[in-house]
Engineer: 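One structure follows; several queries about it will come next.
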There are 2 protein chains.
Amino acid sequence: MADSTRTPERRYGTRPTMKDVAARAGVGLKTVSRVVNGEPGVTPDTVQRVRNAIEALGFRRNDSARILRKGRTASIGLVLEDLADPFYGPLSRAVEEAARAHGALLIHGSSAEDPERERELVLAFCARRVDGLIVVPAGDDHRYLEPEIAAGIATVFVDRPPGLLDADVVLTDSYAGAREGVAHLIAHGHRRIGFIGDLPRIHTARERLRGYRAAMAGAGLPVDEAWVSLGPTDPARVRAAARAMLDGARPVTALFSANNRVTVTAVRELSGRTRPVALVGFDDFELADLLDPGVTVIAQDAAQLGRTAADRLFRRLDGADDPPEVTTLPTRLIPRGSGELPPS
Amino acid sequence: MADSTRTPERRYGTRPTMKDVAARAGVGLKTVSRVVNGEPGVTPDTVQRVRNAIEALGFRRNDSARILRKGRTASIGLVLEDLADPFYGPLSRAVEEAARAHGALLIHGSSAEDPERERELVLAFCARRVDGLIVVPAGDDHRYLEPEIAAGIATVFVDRPPGLLDADVVLTDSYAGAREGVAHLIAHGHRRIGFIGDLPRIHTARERLRGYRAAMAGAGLPVDEAWVSLGPTDPARVRAAARAMLDGARPVTALFSANNRVTVTAVRELSGRTRPVALVGFDDFELADLLDPGVTVIAQDAAQLGRTAADRLFRRLDGADDPPEVTTLPTRLIPRGSGELPPS
DNA sequence: CTGAAAGCGCTTACAG
DNA sequence: CTGAAAGCGCTTACAG
């Protein structure tokens with residue numbers, strides 16, 4: 001056993017503990033704990049001696065040990081699709097601000113749209129005993145979370161609902177937003193409208209497609225299945241889908257792109273063409289107004305999504321035990337030119 | 001004391017421990033530990049009994065307790081300016097991938113360009129005993145990290161160097177990049193070139209200004225101080241600066257914008273004008289090629305910045321103890337039209 | 001192959 | 001006002 005009273009000096013890679021501080025200050029462990037935590041009932045003189053020892057040794061309380069004893073870890077986990085996707089920047093930032101306001105740290109990870117990776121991350125966070133989780137789900141079966149939730153880890157899903165699990169969710173109204181965007185194109189005279197969306201296993205992709213079909217049906221317009229394309233959002237797939245719709249037997253005169261990445265690729269494809277094609281995209285993006293024409297979008301508020309989910313989470317952590325709740329946030333149509341082009 | 005042999009059932013908010021599993025399986029604590037950690041030397045039959053108990057109780061090892069005993073936390077902290085800034089997305093993602101490859105979790109936070117907030121975050125991460133830190137510094141005095149580094153927390157700075165501290169740094173060559181961008185404008189005939197940059201306390205802002213001055217001096221061109229503006233990068237300040245340079249007594253014919261946010265605002269200001277003004281921006285951004293004209297940029301590789309910093313960090317964690325090192329990554333000029341406009 | 005004891009660095013509950 | 005003992009949930013070192 002190290003005789004800490006004889007080696008109060010800092011050794012590389014070894015941190016002083018409260019025990020070391022106590023020895024150096026000539027007080028008991030509990031007194032050091034009191035000073036470190038600002039608890040009352042310590043003589044000013046004793047406080048000073050402890051402070052001096054802390055300073056001399058370069059002591060910093062080990063919060064991991066504290067946490068083990070106290071139960072709560074003051075940390076929350078955020079799992080989303082991709083840390084590098086600009087859509088999640090404002091969402092992450094909003095969650096971080098809420099965590100900060102509650103004195104919690106943020107553990108962060110990307111699922112890369114892989115259900116297995118989502119599960120690994122989430123369970124690793126649970127093993128660290130985060131107090132709560134905010135998850136943009138990649139998978140469609142979240143029963144693996146049942147024991148964790150039962151054990152007290154508050155969980156809120158955001159952007160997409162969980163699968164086979166009853167939990168709090170915060171969503172954007174994808175259905176209504178897509179319907180409004182497509183109806184906008186119809187109002188500007190379009191009758192043949194293409195829909196390019198994300199993988200059909202993603203909830204928002206299905207909801208937006210449902211909105212598209214509702215708008216078309218509402219206007220009495222038939223949908224040629226050649227106008228609908230769901231799949232990965234990599235540029236090659238999206239461009240191929242757009243080309244097929246634009247150059248097919250019954251070419252579309254307008255496109256509805258169902259998320260930010262699809263929209264950007266659609267803009268690239270359209271910019272290389274002479275015939276003007278109308279475009280409305282789901283999700284706003286920077287510089288959309290500076291393109292020519294400006295890109296009309298159905299905007300959703302990613303920061304509000306994060307803020308609402310974090311509010312919900314911290315209310316749960318404060319003891320709210322009402323039944324799980326679905327919150328749906330509205331979208332907003334922003335006309336900028338591309339969605340107001342007439343059919344050619 | 002709770003008699004865990006009599007209450008093996010899961011209670012809300014209380015998790016079973018190895019002790020509970022041991023009691024239920026009728027084995028010792030150490031045997032449970034062996035099974036959980038996949039250590040050899042346990043009879044298949046015993047393994048099965050322990051597994052059954054784990055399953056029945058919904059046990060998941062508490063990694064916080066494990067960490068306290070083992071020393072390393074398998075987590076790293078990343079502090080940057082703003083989680084919502086698209087520039088940091090690829091950097092964060094690259095750091096996350098490296099952490100994942102090394103089995104570490106990522107704790108993430110924004111300094112909001114506030115030195116005090118940077119310090120609080122970094123020290124909170126240290127109190128949790130992260131194994132290492134990657135920091136985009138906001139402050140210019142990092143001596144507060146000395147005891148932490150001495151105690152063994154590996155630290156790598158990225159994008160900007162630390163202040164008053166000798167540590168590993170990974171930078172982009174701001175000086176050379178800015179000089180090349182401004183020289184490019186000069187090569188296209190410009191003699192009056194404006195520079196709009198970030199706050200002068202930010203290292204990259206100063207380096208880019210130095211590059212601008214070097215390019216001008218290298219071509220024998222005088223710099224009117226009315227052409228140089230450093231300050232916050234909010235749109236109002238940047239637009240005012242651009243207007244003053246464009247409408248002043250000796251109007252500039254070209255602008256060099258020293259980061260992505262400045263460039264975007266400059267593009268907005270220029271798009272409202274009839275007289276064409278050349279523009280080169282530091283940092284690439286999405287859709288720069290689709291604007292009219294396309295925006296010529298000095299691109300830096302944010303993902304590579306993150307990857308390099310993480311490599312360095314994990315090499316330190318693996319025991320590398322060579323002296324701190326400065327790594328400088330090159331930039332790349334991407335001509336797209338705006339930087340090739342002649343003087344008007 | 002298996003387990004009891006000690007300890008990681010703190011806090012809690014209690015006693016002086 | 002102060003501190004010794006027990007314990008948070010694990011792992012380590014050691015003994016059978």
Side-chain angles (χ1 to χ4, degrees), chain A residues 1-5 13-50 53-54 57-74 126-129 131 151-152, chain B residues 1-4 11 13-50 53-54 57-74 126-129 131 151-152:
Chain A
M1 195 189 303
D3 182 355
S4 48
T5 60
T14 306
R15 304 201 68 131
T17 69
M18 281 195 180
K19 198 174 151 202
D20 299 321
V21 173
R24 176 153 185 141
V27 299
L29 197 56
K30 178 60 196 167
T31 298
V32 176
S33 177
R34 285 197 181 91
V35 172
V36 168
N37 294 303
E39 288 167 25
V42 186
T43 318
D45 177 58
T46 310
V47 170
Q48 197 50 54
R49 268 172 40 228
V50 172
I54 287 172
L57 296 172
F59 169 79
R60 187 173 309 283
R61 181 181 65 199
N62 183 335
D63 279 354
S64 295
R66 167 171 229 247
I67 278 161
L68 179 59
R69 200 53 245 254
K70 297 213 82 146
R72 280 214 174 172
T73 59
C126 290
R128 297 293 179 105
R129 298 294 189 264
D131 296 328
Chain B
M1 195 188 304
D3 182 353
S4 50
R11 279 178 302 153
T14 306
R15 306 201 67 132
T17 68
M18 281 195 179
K19 197 174 150 200
D20 299 322
V21 174
R24 176 152 184 143
V27 299
L29 197 56
K30 178 61 197 167
T31 299
V32 176
S33 177
R34 284 196 183 93
V35 172
V36 168
N37 294 303
E39 289 166 24
V42 186
T43 320
D45 177 56
T46 310
V47 170
Q48 198 50 54
R49 267 168 45 226
V50 171
I54 287 173
L57 295 172
F59 168 80
R60 187 173 309 282
R61 181 181 64 198
N62 183 335
D63 280 354
S64 294
R66 166 171 229 247
I67 278 162
L68 179 58
R69 200 52 244 255
K70 298 212 83 147
R72 283 218 171 167
T73 59
C126 290
R128 298 295 179 102
R129 298 293 189 265
D131 296 328

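A, B, ... follow the sequence lines: proteins, then strands. Residue 1 opens every chain. Predicted model, so just to flag it, every value in this text is computed and none were measured.
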Engineer: Do A/R61 and A/N37 make a side-chain contact, defined as non-hydrogen atoms from C-beta onward lying under 4.5 Å apart?
Structural biologist: yes
Engineer: Using whole Å, report how far CZ of B/R128 lies from C1' of C/dG9.
Structural biologist: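 Result: 15 Å.
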Engineer: Looking only at side-chain N and O atoms, does A/S33 come under 4.0 Å of OP1 or OP2 in C/dC10?
Structural biologist: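 Answer is no, no contact under 4.0 Å.
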Engineer: Taking A/D45's backbone N and O only, do any of them form a donor-acceptor pair with A/T43's side chain (distance below 3.5 Å, no angle check)?
Structural biologist: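 No, the answer is negative, given that no donor and acceptor are paired below the 3.5 Å cut-off.
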Engineer: Could you state the atom-to-atom distance from CZ of A/R15 to P of C/dC8 in whole Å?
Structural biologist: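 To the nearest whole Å, that distance equals 16 Å.
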Engineer: So if I take every side-chain heavy atom of B/L68 and compare against C/dT12, C/dC10, C/dC8, which nucleotide ends up nearest?
Structural biologist: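 From the listed options, C/dC8 comes nearest.
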Engineer: If you check the A/R34 side chain, which of C/dG9, C/dT11, D/dG3 turns out closest?
Structural biologist: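 When the side chain of A/R34 is considered, D/dG3 is the closest of C/dG9, C/dT11, D/dG3.
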Engineer: Taking the side chain of B/R69 as heavy atoms from C-beta outward, which of C/dC8, D/dG3, C/dT12 is closest to it?
Structural biologist: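 The answer is C/dC8.
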Engineer: Figure out the CZ/P separation between A/R66 and D/dC8, and round it to whole Å.
Structural biologist: 18 Å
Engineer: Across all strands, who's sitting opposite C/dA13 as a Watson-Crick or G-U wobble pair, both distances under 3.5 Å?
Structural biologist: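 Its partner is none (no Watson-Crick or G-U wobble pair with both distances under 3.5 Å).
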Engineer: Expressed as a whole number of angstroms, how long is the span from A/M18:CE to D/dA4:P?
Structural biologist: 15 Å
Engineer: Take the protein atom CZ of B/R60 and the nucleotide atom C1' of D/dC10, then report the distance between them rounded to whole Å.
Structural biologist: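 From B/R60 CZ to D/dC10 C1': 16 Å.
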Engineer: Take the protein atom NZ of A/K19 and the nucleotide atom C1' of D/dA4, then report the distance between them rounded to whole Å.
Structural biologist: 13 Å
Engineer: Report which part of the nucleic acid B/T46 touches: base, sugar-phosphate, or nothing (heavy-atom distance under 4.0 Å, all strands).
Structural biologist: sugar-phosphate
Engineer: For B/G28 and for A/V36, locate the closest nucleotide of DNA chain C by heavy-atom distance; then report the residue assigned to the nucleotide nearer the 5' terminus.
Structural biologist: B/G28
Engineer: Can you tell me which nucleotide in D/dA13, D/dC1, C/dG7 comes closest to the side chain of A/T43?
Structural biologist: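 So the side chain of A/T43 is nearest to D/dC1.
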Engineer: Does D/dT11 have OP1 or OP2 under 4.0 Å away from a side-chain N or O of B/N37?
Structural biologist: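 So the side-chain polar atoms of B/N37 do come within 4.0 Å of the phosphate oxygens OP1 or OP2 of D/dT11, strictly under.
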Engineer: Give one of base, sugar-phosphate or nothing for A/K70, where a contact means two heavy atoms less than 4.0 Å apart.
Structural biologist: sugar-phosphate
Engineer: side-chain contact (heavy atoms from CB on, under 4.5 Å), that's the test. Do B/V50 and B/R34 meet it? Break it down for me.
Structural biologist: CA-CA 10 Å; B/V50 171; B/R34 284 196 183 93; over 6 Å; no
Engineer: Heavy-atom nearest nucleotide on DNA chain C for B/G26 versus B/R129: which residue maps closer to 5'?
Structural biologist: B/G26
Engineer: Rounded to whole angstroms, how far apart are CG on A/L29 and P on C/dA13?
Structural biologist: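 After rounding, the reported distance stands at 16 Å.
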Engineer: Is there a side-chain contact between B/N62 and B/R15 (heavy atoms, below 4.5 Å)?
Structural biologist: no
Engineer: May I ask you to test the B/I54-B/V36 pair for a side-chain heavy-atom distance under 4.5 Å?
Structural biologist: yes
Engineer: Whole Å only: how far is the NZ atom of B/K30 from the P atom of D/dT12?
Structural biologist: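 Taking NZ of B/K30 and P of D/dT12, I get 7 Å after rounding.
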